[in-house]
Structure formats: structure tokens, C-alpha cells
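Step one of this worksheet: look at the structure below.
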2 protein chains.
Amino acid sequence: MQFSKSTGYALHTLIHLAQAERGRYVGIKELASKQGLPESYLSKIMSKLRQDGIVRAVTGASGGYELARPGSEITFYDVISVVEGRQQMYECHAANEHQHELFAEADASGCECLVKKVMDGAERQMLDYLKQHTIQGVLDAASFSCSPEHRA
Amino acid sequence: MQFSKSTGYALHTLIHLAQAERGRYVGIKELASKQGLPESYLSKIMSKLRQDGIVRAVTGASGGYELARPGSEITFYDVISVVEGRQQMYECHAANEHQHELFAEADASGCECLVKKVMDGAERQMLDYLKQHTIQGVLDAASFSCSPEHRA
DNA sequence: CCTATTATAGACATAAGATATCCATAATAA
DNA sequence: TTATTATGGATATCTTATGTCTATAATAGG
Ligand code: SF4
Ligand code: SF4
């Protein structure tokens, strides 16, 4: 159970865009080479981010990408839910219904599976945390004294 | 990013064992058929659970499995960390170090990556929640009025 | 209008991991 | 001694992630 590499790519790309001067479009070439990964692959990820309204894209000469809204309004959750998809982390694969005879419980609107309730609850804890952290937040907390060239 | 089916298999199996009368060994045949899955596959999962001290196994006629400790002391975290492995959910795959010039921050013992800090923090939220929920906890919360045969 | 540049989208290829099967062996109860 | 049961390795299959390639559309600038 791991985040895909694509998630890391997306996060780093958005951080890069957040650092770019406002109004400038950053091309896929620059974004990909900075991370040392294939342009064609990253462009697919960017396409998803665009379709989800996280970045804007402009085709043509001197085109490229820019953030669609301030980095302070782009949460880790936003990014991850686009790249990883929105399926839940735990799915019930029960073929027959024999096995869960005892695992459901009364709730306001009826019965629910207690196994899934725990698993979904765990997922929610993680997602809530991710919603509280933004791209800009990471940049703001960065300390110059820790950049590689400054550390001997 | 999803939990593997194996995790579901393991959880259901342990719940089954927790319901079995104490001192009785439950065979792989019963455990597998209840969930409608291949014995050979489930036995590999059980083998991992045994190596991790979550269940005990007895070879030979009338052998099988039993919980190694009370269900109230087996957390969802225990199970998931065995089945899914213990690698962290986010790994940095940076080939060069050029890309993280600004993302580290001073901390008590030095510098750390702020991206990873957020991702690890999110994972921790989830794991802490899973540590607070046990196999027995699910059984205790189950309500008879919700079992299938009782619901019309 | 023409050309170079750049994003887009689909098809395709490859690698990795999850899921499943098979078989030979060891351990135990009866 | 025999039937039963778990164990572990090897292998096969299926799915998903990752990466590549190519054709197309859109735009800036000359
Ligand atoms: S108990 Fe819950 S997770 Fe298990 S089979 Fe029933 S519905 Fe699915
Ligand atoms: S910023 Fe963090 S996650 Fe990104 S490349 Fe540097 S160490 Fe890895």
C-alpha cells in the first residue's frame, strides 16, 4: 500500500509552479527535466491536474502551465485525490453474504458494516490531515539554511 | 492506492477465529470456504500472521489455527502492517538532489524534507486510528438485529 | 499565411506487484 | 502406520503502474 510515484511527481511540479513568477507559463520541458523524468509521462499527469482545475494550460509557442489558484488554496488532498483517484482504500470483495452475518450494526439510517466502518474511518483521518496542508504551506515553512548549497 | 484483498482476507479470518470456541483449532479448509477463496492462498497469509505472532498454528490431524492472544489485543494496525508490509506510504524517488533545494527545514537534529513530513504525518494519522481499533472491538459492537437472516 | 512551439490524447510497450495455483515436505493425531 | 494438516518454494496469471511513441490541435511570432 503505497502512494504512486505520480503523486510525488505532481506534488513537486506544483511546488515548482508555485515558485514561478506570476503570469509566466512554465513548459513541460522545464518541469520534467528538473525532476529527471520523461516529458510524455509528466504531461499525462498535468493533463489530469488541468481537467480537475488545479492548473491552467496554454498551448502553443511560449505556452505551458501555471497554477489555477494560489498555492495556499491547493491542498495535498486535492492533488492526491486527482492522481490516485477517488476510490476508497478499502473495498469489500465478499462473493457470498454468508461471512458477515454478525458484523453489521444499527445506525441512524439502518445497518452498516463495522469492518468497513473502521477502515473508512482510518482513511478519513489521513485525508483530513492532507486537507489541512497546502503547497504554499510547505514553501512557507522552508528554511534557507537547509538548502544543500548552504550546508557545507 | 488501495488496501490489498489480502488485508480483507486476514481481517475476516481473524474475526472468524475470534468467534471460535477457545482451545479449538480451526483448519484452513473452514476458514477459506467461509470466505469462498483458495486455501492455498489464504494459507500463505496465515503463515505471515503466524510468523508475526498473531496466530498460532498446529500441524497435523485436527490441527489448524487459533489466535495467539485475545482479540481485544489484536489491532487493525497489527494485521495491516503484517499483510501490507511496513514500508512507508510515501517514498522519495529523487534521482538528483537539484529539486529539493528549498524544501528542507531546520529541526532539533538537523534538516528534514517538508514534503515527506506532510505525507508521513498523514500516514501516522491513519495508523494511529488503526491502532485504536481491535478485532474484538468490532465483534463487541455488532448488533444481532442487523444479521441478514434477522432482517426480513 | 507560414512555421516553430507546445499541450493533448490515444495507442502501445514494459515492469512491477497482487493474486492464484501446484507440489513436495514436515509435523502431528489417531 | 496412515490420514490429516500446515509450510515453503516455484510458478503462472492477471492487473496496475510506469513509460514510450505518434498524430493532432492550438497558439505566438514572423
Ligand atoms: S463484514 Fe463487511 S467487509 Fe466483511 S464481507 Fe460483510 S460487508 Fe464485506
Ligand atoms: S523535496 Fe523531499 S520528497 Fe522532494 S526530492 Fe527532496 S527529499 Fe525527496
Side-chain angles (χ1 to χ4, degrees), chain A residues 1-10 12-13 17 23-33 35-68 80 82-87 89-91 93-95, chain B residues 1-10 12-13 17 23-33 35-66 68 80 82-87 89-91 93 95:
Chain A
M1 199 212 353
Q2 275 196 301
F3 290 103
S4 69
K5 290 187 181 184
S6 296
T7 289
Y9 299 161
H12 286 80
T13 301
L17 290 179
R24 171 182 164 235
Y25 289 97
V26 184
I28 197 73
K29 220 173 278 188
E30 176 177 332
L31 295 169
S33 74
Q35 300 181 57
L37 51 93
E39 300 172 14
S40 209
Y41 190 49
L42 181 58
S43 77
K44 290 205 183 317
I45 298 172
M46 296 311 290
S47 197
K48 274 202 218 175
L49 293 175
R50 180 186 59 81
Q51 288 168 28
D52 228 78
I54 294 180
V55 302
R56 265 190 296 271
V58 170
T59 327
S62 79
Y65 301 93
E66 69 172 357
L67 296 187
I80 288 167
V82 170
V83 177
E84 301 279 342
R86 291 181 172 90
Q87 359 79 21
M89 290 182 65
Y90 181 78
E91 279 179 28
H93 296 285
Chain B
M1 199 213 351
Q2 275 196 300
F3 290 104
S4 69
K5 291 187 180 183
S6 297
T7 288
Y9 299 162
H12 286 81
T13 301
L17 290 178
R24 170 182 164 237
Y25 289 97
V26 184
I28 196 73
K29 220 173 279 189
E30 176 177 332
L31 296 168
S33 73
Q35 299 180 59
L37 51 93
E39 301 172 14
S40 210
Y41 189 49
L42 181 58
S43 77
K44 291 211 181 314
I45 299 172
M46 297 310 291
S47 197
K48 275 202 217 174
L49 293 175
R50 179 187 59 81
Q51 288 168 28
D52 228 79
I54 293 180
V55 301
R56 266 190 295 270
V58 171
T59 327
S62 79
Y65 300 92
E66 69 172 357
I80 288 167
V82 169
V83 178
E84 302 279 341
R86 291 181 172 91
Q87 0 78 21
M89 290 181 65
Y90 181 78
E91 278 179 26
H93 296 284

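On a predicted model such as this, the values are computed, not experimentally measured, just so you know. Note that these values count all heavy atoms, side chains included, but never hydrogens, waters or copies made by symmetry. So that the names make sense, note that chain A is the first sequence line, chain B the second, and so on, each numbered from 1.
Residue-to-nucleotide contacts include no donor-acceptor pair under 3.5 Å from the side chain of Lys5(A) to the base of dG19(D).
A straight line from CG of Leu37(A) to P of dA17(D) spans 17 Å, rounded to a whole angstrom. Taking atom CZ of residue Arg56(A) and atom P of nucleotide dT27(D), one finds them 15 Å apart after rounding to whole Å.
Comparing Pro38(A) and Ser62(A), the nucleotide of DNA chain D nearest to each residue sits closer to the 5' end for Pro38(A). Positionally, the nearest nucleotide of DNA chain D for Met1(B) lies more toward the 5' end than for the other of Met1(B) and Ser40(A).
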| task | I would like to know whether Tyr90(A) and Thr7(B) meet side-chain hydrogen bond (donor to acceptor under 3.5 Å, both in side chains); could you show each step before the answer? | result | CA-CA 9 Å; Tyr90(A) 181 78; Thr7(B) 288; over 6 Å; no
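Each of dA25(D), dT20(D), dA6(D) was ranked by its minimum atom distance to the side chain of Thr59(B); first place goes to dA6(D). Candidate nucleotides dG9(D), dT18(D), dT7(D) were compared by shortest atom distance to the side chain of Ser47(B), and dT7(D) ranks first. Listed nucleotides dT6(C), dT20(D), dT4(D) differ in distance to Ala61(B); the shortest reach to its side chain belongs to dT4(D).
Look at Tyr41(B) and you won't find any side-chain N or O under 4.0 angstrom from OP1 or OP2 of dG8(D). Contact between the side-chain N/O atoms of Ser4(B) and the OP1/OP2 oxygens of dG17(C) is not found at any separation under 4.0 Å. Taking 4.0 angstrom as the limit, Tyr9(A) places a side-chain polar atom (N or O) nearer than this to OP1 or OP2 of dG19(D). Within the structure, a side-chain polar atom (N or O) of Gln51(B) is placed less than 4.0 Å from OP1 or OP2 of dG8(D). Note on Arg50(A): a side-chain N or O is less than 4.0 Å away from OP1 or OP2 of dA9(C). Between Tyr25(B) and dT4(D), a side-chain N or O to OP1/OP2 separation shorter than 4.0 Å is absent.
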Exercise answer: donor-acceptor pairs, residues 49-60 of chain A side-chain atoms, under 3.5 Å, sequence neighbours excluded:
residue  : atom : partner  : partner atom : Å
Asp52(A) : OD2  : Arg86(A) : NH2          : 3.1
Arg56(A) : NE   : Glu66(A) : OE2          : 3.0
Arg56(A) : NH1  : Ala68(A) : O            : 3.4
Arg56(A) : NH2  : Glu66(A) : OE2          : 3.3

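Tested against Gln2(A), the residues Met1(B), Gln87(B), Glu84(B) include a single side-chain contact (heavy atoms from CB on, under 4.5 Å) partner, Gln87(B).
Considering NZ of Lys44(A) and OG of Ser6(A), their distance stands at 11.5 Å, rounded to 0.5 Å.
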